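All remarks here apply to the structure that follows.
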Amino acid sequence: MTIHNTEIAKIFQTYATLLEIEGANRFRVRAYRNAARTIEDQPQDVAIMIRAGKDLSELPGIGKDLAGKIKEIVDTGALGDLEKLKRTVPEDLADVTALPGLGPKRVQALHEHLRIDNLEDLERAAHAGKLRKLPGFGAKTEEKILKEIERRRAIGTRTKLMVAEQIARPLLEYLKAVKGVKQAIIAGSYRRRKDTVGDIDILVTAKRGSDVMKRFAAYDEVDEIVSQGTTRSTVILRSGLQVDLRVVPEASYGAALHYFTGSKDHNIAIRTLAVKKGLKVNEYGVFKGEERIAGKTEKEVYALFGLPYIAPELRENHGEIEAARKKRLPKLVTLDDIRGDLHAHTKATDGRYTAEEMVQAAKARGYDYLAICDHSKHVTIAKGLDAKRLARQIDKIDRLNEKLKGIRLLKSTEVDILDDGSLDLPDSILKELDLRVCAVHYQFGLSAEKQTERIIRAMDNRYFNILAHPTGRLMGEREAYAVDMQKLMEAALDRGCFLEVNAQPDRMDLNDVHCRMAKDMGLRLAISTDAHTTANLDYMRFGIDQARRGWLEPDDVLNTKSWKDLKALLARD
DNA sequence: GCCGTTTTCGGCCCGACTGTTTTCAGTCG
């Protein structure tokens, strides 16, 4: 059994939290948290890295001790120190610290004085009015805790980026219209374009005495005001999404935007640079002693450290500061670079529009080409095409192309990769197509070894061009299937195949980390919408977001190429 | 527990808000 990175990270996070409750040194706690993040950020399972003989202590934040503990988890499936600690600090207390307002100190007090071991105990004690009697607790805290437990029950934790956009954009417009507001922008992971966001951070500059805070709290979607001050307020909207609003003076806009965009790790790295230079960075600016020497723009803040502007998508402390220092930041791909979409469906299977309607929509977006990739017969639920129906579609597209001006329809398919790694359509029809997009739709439960083998076997077919939605995940609904991504990418590189970044807002696979992995290997990717409607073609920008987070430049993306150049890249002979 | 172009020991980012305090600890981002 292969232990996955998320499981190891989870063990370290739990251990860190329990240590914290126990009252351990906070830097020791932080070391476990940092290690958890480092492991989670690895595109490849560390279990596989260990098997390959890699020394994990070379990873940032992982020394000899933690490398040993990782190995222990990989070998045994558990961490002995954590198992031991659980005997004195109940594991479920980690869930209790996840409630806002309850940190390690207060949870420790709850455990010691009221023998609270988990959320259920907490809820019972709160209902019985026992919490308010503890020192440091009061009636208000008790009420808040009960409300929060209820809220958690009702909703999940992270929100998909597209959903966050739909909720946050109208709020931003509302705030911009408040008298005295000068600038208003959404910062945080939203601005970094992460595929999901935990909350929304809005930054505003306003004239003195502006009532923006009051108006914010009065927004008609506000369900609860968590806190309200003169420079910072937090509310929870009816959707369950938490929104933080920060107000800063104009002279601090850049520093504040930098600060609230994060990521936390990027900020810490910048502040550490500052400390070395005898400077101090906070949300109000960069300071030399008492004097503010930068802060109006982000560019100004970076310039002070001899760095060019770093795009928000790169700010994860994944080497961007080093790259900036060496003037080697990538020139990130943009929506304007995209010349076409290589994955779209029509009414022939589970799409909603005809090829003609789809191509007009693509033309309206300025594209040079659009690939029609309807499902193959194995996907019965989508009325997948067999060779005969696909042949008819090919004829139809040929006739359409004769009429089309300024754009070309590409004949393609989303052909199923069958259990044994063969493709769901015969070579005799595959060879008639301009390109073939291949995908797994069944048998998600295979072991990583078997799934990897199955897909690589499919790549051996000379008509295999692009692997669609390479992990099969549906965010919030279905986990990615187990697969060795490194091996898949190596196999693709060997055979002249490619992988897809699926821009559907609930798919987003490949994700940012995978994009970076492909970039480092020199493997080009397609960014495709998998559109089932004309409007879906607009999902392209979400794919671009993840590509940018993965450092991709225009040349790294297949569909920034002209059809002529793309055709040459796809040719496998 | 990690880390080092000042260091193998002594550091490890910084400020706002809340609630319960009589001047601040705890928590959060």
Side-chain angles (χ1 to χ4, degrees), chain A residues 12 15-17 19-21 23-38 56-70 79 81 96-110 131-145 148 187-190 192 197-203 213 217 225-236 242-248 252 255-256 258-287 317 322 325:
Chain A
F12 278 173
Y15 191 53
T17 304
L19 277 177
E20 221 174 4
I21 295 169
N25 176 298
R26 64 200 176 99
F27 297 107
R28 190 171 157 229
V29 171
R30 187 186 295 173
Y32 281 99
R33 295 242 153 85
N34 287 340
R37 255 200 311 265
T38 296
L56 294 185
S57 67
E58 284 168 19
L59 297 175
I62 295 183
K64 219 173 145 198
D65 183 272
L66 285 179
K69 290 197 163 87
I70 295 169
L79 179 63
D81 286 351
V96 180
T97 59
L99 289 181
L102 288 184
K105 293 284 189 316
R106 312 182 93 192
V107 168
Q108 158 64 19
L110 290 170
L131 299 193
R132 62 183 71 192
K133 291 179 189 133
L134 278 188
F137 287 77
K140 222 161 175 176
T141 307
E142 194 174 84
E143 260 167 56
K144 224 176 101 183
I145 285 170
E148 191 56 34
S189 51
Y190 181 102
R192 300 200 314 279
V197 302
D199 62 7
I200 298 285
D201 300 293
I202 301 181
L203 177 69
M213 278 305 184
I225 299 167
V226 177
S227 69
Q228 194 174 6
T230 52
T231 69
R232 171 181 173 172
S233 297
T234 299
V235 303
I236 292 167
Q242 177 173 311
V243 185
D244 292 345
L245 178 66
R246 303 288 299 235
V247 182
V248 297
S252 301
H258 179 259
Y259 183 90
F260 295 115
T261 296
S263 67
K264 194 175 174 169
D265 288 345
H266 176 88
N267 286 353
I268 289 174
I270 290 288
R271 284 180 181 207
T272 306
L273 273 184
V275 170
K276 281 185 188 147
K277 286 191 138 200
L279 303 174
K280 186 179 73 171
V281 180
N282 60 27
E283 56 262 58
Y284 299 110
V286 184
F287 293 85
N317 196 29
E322 185 66 7
R325 192 184 292 135

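Predicted model only: the values in this text are computed from it and were never measured. Values reported hereafter were calculated over all heavy atoms of this structure, with side chains retained and with hydrogens, waters and symmetry mates removed. Just so we're on the same page: letters track the sequence lines, and every chain starts at 1.
- Nucleic acid contact class of Ala109(A) (heavy atoms, under 4.0 Å, all strands): none.
- Across all strands, Pro104(A) comes closer than 4.0 Å only to sugar-phosphate atoms, never to a base (heavy-atom distances).
- The OH atom of Tyr259(A) sits 13.0 Å away from the NE2 atom of His266(A) when rounded to the nearest 0.5 Å.
- Looking at Lys69(A) and Tyr15(A), their side chains never bring a donor and an acceptor atom within 3.5 Å of each other.
- Looking at Arg33(A) and Thr17(A), their side chains do bring a donor and an acceptor atom within 3.5 Å of each other.
- In this structure dT8(B) sits in no base pair that meets the Watson-Crick or G-U test at under 3.5 Å.
- In terms of phosphate contacts, Gln108(A) brings no side-chain nitrogen or oxygen within less than 4.0 Å of OP1 or OP2 of dG26(B).
- Following rounding to the nearest Å, Lys105(A) (NZ) and dC28(B) (C1') show an atom-to-atom distance of 14 Å.
- What separates CG of Asn34(A) from P of dG1(B) is a distance of 14 Å, to the nearest Å.
- Heavy atoms of Leu134(A) sit nowhere under 4.0 angstrom from any nucleic acid atom.
- Within the 4.0 angstrom heavy-atom criterion, no nucleotide atom of any strand lies near Ile270(A).
- Of the side-chain N and O atoms in Thr141(A), one or more sit less than 4.0 angstrom from OP1 or OP2 of dT20(B).
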Going 5' to 3' through nucleotides 13-18 of chain B and flagging B where a protein heavy-atom sits under 4.0 Å of the base, S where only the sugar-phosphate is that close, and - otherwise, we get BBBSSS
